[in-house]
Amino acid sequence: MRKAIFQKSIPYDWQKVTKLPGVMPLQPHEWLIFDDAYSDQMAEREDLLKNNNDVIVLDNNSQAVARELLTILLEFLRKADDFEVSEKQVITRDKRTVKIDYEKPLMTCGLLVQNDFCLMEKRNGQHVLSAAVLCFPANWRLLEKFMKPLVSIHINVPEYSSEIEKRVNRIFDGIRVGQPMWRFNLLEYSDPTLYQPYRLSPNQAASYIRSERQTFLKLPETGAVVFGIHTFVLKKVPSDTFSRN
């Protein structure tokens with residue numbers, strides 16, 4: 001069993017979940033955040049990235065998109081506290097040295113920040129999941145969603161109606177360079193493990209709260225949309241009440 005990793009708090013009012021899609025504007029400097037679980041989550045990510053073949057997917061035609069994500073990420077980290085970015089490597093906030101490898105851009109991204117990244121490219125009029133680094137899935141397997149459009153990706157989400165589908169597509173179409181967006185969800189879990197690719201039994205008692213801070217960023221050169229996921233896990237207390245989304 002993997003080590004349980006918890007944050008001390010979540011930096012937004014996670015009990016006030018809005019209805020889908022619930023997307024809000026985000027300042028560019030807030031695209032990525034870092035928290036007290038950084039070191040532990042990064043150790044977990046490094047283990048998964050090196051030992052699990054299911055956490056990275058990349059279409060043969062999406063290498064340029066993945067490289068652009070890495071370039072944008074490095075630009076962001078140059079301005080962030082506690083990161084030292086040079087031409088060939090990054091010294092992270094927990095003092096690891098990560099080699100910058102443009103031949104393995106998603107691996108490099110995954111070793112630098114807590115965020116997972118799903119890259120959505122518009123192909124034949126639909127936003128398709130063409131590349132991703134996903135170490136902390138919540139009830140879904142990356143390989144099952146790879147190269148599928150938004151509607152197929154959300155096929156098991158009861159709230160994802162045809163009207164929601166239209167609104168989400170409009171959001172993806174309307175995201176502008178330099179104007180990221182964000183939302184969050186909230187889930188109950190009986191197991192705090194971060195790597196959760198399979199749906200859990202509904203009969204198990206939920207002892208943990210899991211929330212994803214989800215961001216949407218448009219890449220200026222390729223036009224792909226980066227869907228980012230920062231995962232928080234807290235121990236549940238009896239007073240916790242919320243709506244699932």
Q) Can you tell me if Asp116 uses its side chain to pair, donor with acceptor, with the backbone of Cys135 under 3.5 Å? A) yes
Q. Mind checking whether Val177 and Leu70 sit in one hydrophobic cluster, side chains of I, L, V, M, F, W, Y counted as touching below 4.5 Å?
A. no
Q) Just how far is it from atom CG of Leu217 to atom CD of Gln179, taken to the nearest 0.5 Å? A) 11.0 Å
Q) Is Met147 close to Asp59 at the side-chain level, that is, under 4.5 Å between some pair of heavy atoms? A) yes
**Q.** Geometric cation-pi criterion Arg210 and Tyr189, 6.0 Å radius, 45° cone
**A.** yes
(Q) Test side-chain hydrogen bond (donor to acceptor under 3.5 Å, both in side chains) on Glu121 and Ser62; report intermediate values, then the result. (A) CA-CA 9 Å; Glu121 292 185 78; Ser62 298; 2.5 Å; yes
(Q) For a 4.5 angstrom cut-off between non-hydrogen side-chain atoms, does Ile209 reach Val233? (A) no
(Q) Under a 4.0 Å threshold between the charged nitrogen and the carboxylate oxygen, would Lys8 count as salt-bridged to Asp35? (A) no
Q. Does the side chain of Leu58 reach to within under 4.5 Å of the side chain of Gln63, using non-hydrogen atoms?
A. yes
Q.
For a quick test of reading the model, state the closest non-hydrogen atom pair linking Phe34 to Ala80 and the distance between them.
A. CE1-CB, 4.4 Å
Q: Begin with the C-alpha distance, continue with both residues' side-chain angles, and end with the deciding distance and a verdict on side-chain contact (heavy atoms from CB on, under 4.5 Å) for Asn169 and His127.
A: CA-CA 8 Å; Asn169 277 313; His127 296 278; 3.9 Å; yes
Q) What is the ring orientation for Tyr12 with Phe184, classed by angle as parallel under 30°, tilted 30 to 60°, or perpendicular over 60°? A) tilted
Q: Grab the two heavy atoms, one from Ala4 and one from Pro192, that are nearest each other, plus how far apart they are.
A: CB-CG, 3.7 Å
**Q.** Pair Tyr208 + Phe232: ring centers closer than 6.0 Å
**A.** no
Q.
To check you understand the geometry: which heavy-atom pair defines the closest contact between Asn185 and Ser211, and what is its length?
A. O-OG, 2.7 Å
Q: Using modelled atom types only, decide if a donor and an acceptor are shared between the side chain of Lys145 and the backbone of Arg141 within a distance under 3.5 Å.
A: no
Q.
Restricting to side chain to side chain contact (heavy atoms under 4.5 Å, CB included), what partner residues turn up for Asp81, sequence neighbours left out?
A. none
Q | Parallel, tilted or perpendicular, as decided by the 30° and 60° cut-offs, for the rings of Phe76 and Trp31 | A | perpendicular
Q: Could you grab the distance from atom CD of Glu75 to atom CG of Leu73, nearest 0.5 Å is fine?
A: 9.5 Å
Q. Glu44 and Lys3: salt bridge (Lys or Arg N to Asp or Glu O under 4.0 Å), yes or no, with the steps?
A. CA-CA 8 Å; Glu44 180 78 352; Lys3 174 184 177 182; over 6 Å; no
Q) Got a sec, which residues hit side chain to side chain contact (heavy atoms under 4.5 Å, CB included) with Gln27, two or more places apart in sequence or on another chain? A) His29, Glu30
(Q) Go through it in stages, so that I can follow the logic: the residues are Phe172 and Phe216, the test is ring pair (Phe, Tyr, Trp, His ring centres under 6.0 Å), and I'd like the CA-CA distance, side-chain angles, deciding distance and then a yes or no. (A) CA-CA 8 Å; Phe172 272 73; Phe216 307 81; 5.6 Å; yes
**Q.** Pro105 and Glu68, any side-chain heavy atoms less than 4.5 Å apart
**A.** no
Q) Would you call Arg123 and Asn61 a side-chain contact if the rule is heavy atoms closer than 4.5 Å? A) yes
Q: Show the numbers, then the answer: is there a side-chain contact (heavy atoms from CB on, under 4.5 Å) between Leu219 and Ile72?
A: CA-CA 8 Å; Leu219 297 178; Ile72 295 294; 3.9 Å; yes
(Q) Salt bridge check, Lys218 against Asp173: does any charged N sit closer than 4.0 Å to a carboxylate O? (A) no
**Q.** Verdict with supporting geometry, Glu212 and Thr231, side-chain hydrogen bond (donor to acceptor under 3.5 Å, both in side chains)
**A.** CA-CA 5 Å; Glu212 295 176 332; Thr231 301; 4.6 Å; no
**Q.** Passing candidate, side-chain contact (heavy atoms from CB on, under 4.5 Å) with Leu134, options Ile229, Ile56, Leu129
**A.** Ile229
Q) Atom CG of Asp40 and atom CZ of Phe6: how far apart are they, to the nearest 0.5 Å? A) 11.0 Å
Q: Check Thr108 against Ile100 and note the closest heavy-atom contact, atom names and distance.
A: CG2-CA, 4.0 Å
Q: Give, for atom OH of Tyr38 and atom CD1 of Ile33, the distance between the pair rounded to the nearest 0.5 Å.
A: 13.5 Å
**Q.** For Ser9 against Leu234, the heavy-atom pair lying closest together
**A.** N-CD2, 3.9 Å
**Q.** Heavy-atom donor-acceptor pair, Arg45 side chain to Asn115 backbone, under 3.5 Å
**A.** yes
Q: Give, for atom CH2 of Trp182 and atom OG1 of Thr215, the distance between the pair rounded to the nearest 0.5 Å.
A: 10.5 Å
Q | Verdict with reasoning, Lys88 to Lys99, per side-chain contact (heavy atoms from CB on, under 4.5 Å) | A | CA-CA 6 Å; Lys88 295 184 178 181; Lys99 177 185 175 183; over 6 Å; no
Q. Is any side-chain heavy atom of Val133 closer than 4.5 Å to a side-chain heavy atom of Val55?
A. no
**Q.** Met42 side, atom CE; Ile5 side, atom CD1 - distance, nearest 0.5 Å
**A.** 10.5 Å
Q.
Between Gln214 (side chain only) and Val23 (backbone N and O only), is there a donor and an acceptor less than 3.5 Å apart?
A. no
Q) With side chains defined as the heavy atoms from C-beta onward, is the minimum distance between Pro137 and Tyr195 less than 4.5 Å? A) yes
Q: List the steps and the verdict of side-chain hydrogen bond (donor to acceptor under 3.5 Å, both in side chains) for Thr97 and Gln89.
A: CA-CA 7 Å; Thr97 299; Gln89 66 182 33; 4.8 Å; no
Q: Following the transitive rule for hydrophobic clusters with a side-chain heavy-atom cut-off under 4.5 Å over Ile, Leu, Val, Met, Phe, Trp and Tyr, establish whether Leu119 and Tyr102 coincide in one cluster.
A: yes
Q) Where do Leu187 and Ala138 come nearest, in terms of heavy atoms and distance? A) CD1-CB, 4.0 Å
**Q.** Pair Arg78-Glu84, salt bridge (Lys or Arg N to Asp or Glu O under 4.0 Å): steps then yes or no
**A.** CA-CA 7 Å; Arg78 285 188 178 96; Glu84 297 179 28; over 6 Å; no
(Q) Please say yes or no: joined through hydrophobic side-chain contacts below 4.5 Å, possibly via intermediate residues, are Ile91 and Val113 part of one cluster? (A) no
Q: May I have the step-by-step check of side-chain contact (heavy atoms from CB on, under 4.5 Å) for Glu221 and Arg67, ending in yes or no?
A: CA-CA 11 Å; Glu221 294 184 10; Arg67 288 175 177 168; over 6 Å; no
**Q.** pair Val57-Leu106: side-chain heavy atoms closer than 4.5 Å
**A.** no
